[in-house]
Amino acid sequence: MGKLFFTSDNHFGHERVIQFDGRPFSSVEEMDTEMIRRWNAKVGKGDLVYVLGDMIWKTRSDEAPNLIKSLNGQIILIKGNHDRFFG
């Protein structure tokens with residue numbers, strides 16, 4: 001059995017969260033790329049990740065599945081108020 005992780009408020013695709021939260025990125029693309037890199041460095045393919053809301057802020061609904069597929073682990077998403085891509 002793999003490891004178990006919990007996270008929330010990733011806000012992939014949320015440009016203004018960089019400013020709101022003082023995240024050290026110059027663009028949303030840079031932020032998303034680095035967050036994916038860090039996630040995959042920590043989470044293995046056999047791990048389980050519970051995302052407790054607000055995973056993806058603004059993205060076209062057809063982009064969300066590809067972003068999620070780029071992340072290691074089995075992801076259980078509990079929908080947050082910013083997860084608008086998620087029907």
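Using a 4.5 Å heavy-atom threshold, the side chains of Ile75 and Val51 count as touching. The shortest distance between side-chain heavy atoms of Asp47 and Asn72 does not fall below 4.5 Å. Looking at heavy atoms from C-beta onward, Asn10 lies in side-chain contact with Trp39 at the 4.5 angstrom threshold. In this structure, Asp32 and Met35 have side chains that are in contact, with non-hydrogen atoms separated by less than 4.5 Å. No side-chain heavy atom of His14 sits less than 4.5 Å from a side-chain heavy atom of Val28.
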| task | Verify side-chain contact (heavy atoms from CB on, under 4.5 Å) between Thr7 and Val49, making sure each step is shown before the conclusion. | result | CA-CA 7 Å; Thr7 188; Val49 182; 4.1 Å; yes
| query | When you look at Ile56 and Ile68, which way does the side-chain contact (heavy atoms from CB on, under 4.5 Å) test go after all the steps? | reply | CA-CA 9 Å; Ile56 300 174; Ile68 292 169; 4.1 Å; yes
| request: Start with the C-alpha distance between Met31 and Val17, add both sets of side-chain angles, then the distance that settles side-chain contact (heavy atoms from CB on, under 4.5 Å), and finish with yes or no. | output: CA-CA 10 Å; Met31 177 181 75; Val17 80; 3.9 Å; yes
| field | CA sep, side-chain torsions, deciding dist, call: Leu52, Tyr50, side-chain contact (heavy atoms from CB on, under 4.5 Å) | value | CA-CA 6 Å; Leu52 307 177; Tyr50 283 88; 4.2 Å; yes
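One distance of note links CG of Leu71 with CZ of Phe12; it measures 5.0 Å at 0.5 Å rounding.
Under a 3.5 Å cut-off, the side chain of Glu30 and the backbone N or O of Ser26 do form a donor-acceptor pair. A donor-acceptor pair under 3.5 Å is formed between the side chain of Ser70 and the backbone N or O of Leu67.
Side-chain heavy atoms closer than 4.5 Å link hydrophobic residues (I, L, V, M, F, W, Y) into clusters, and following such links, possibly through other members, connects Ile78 to Leu4.
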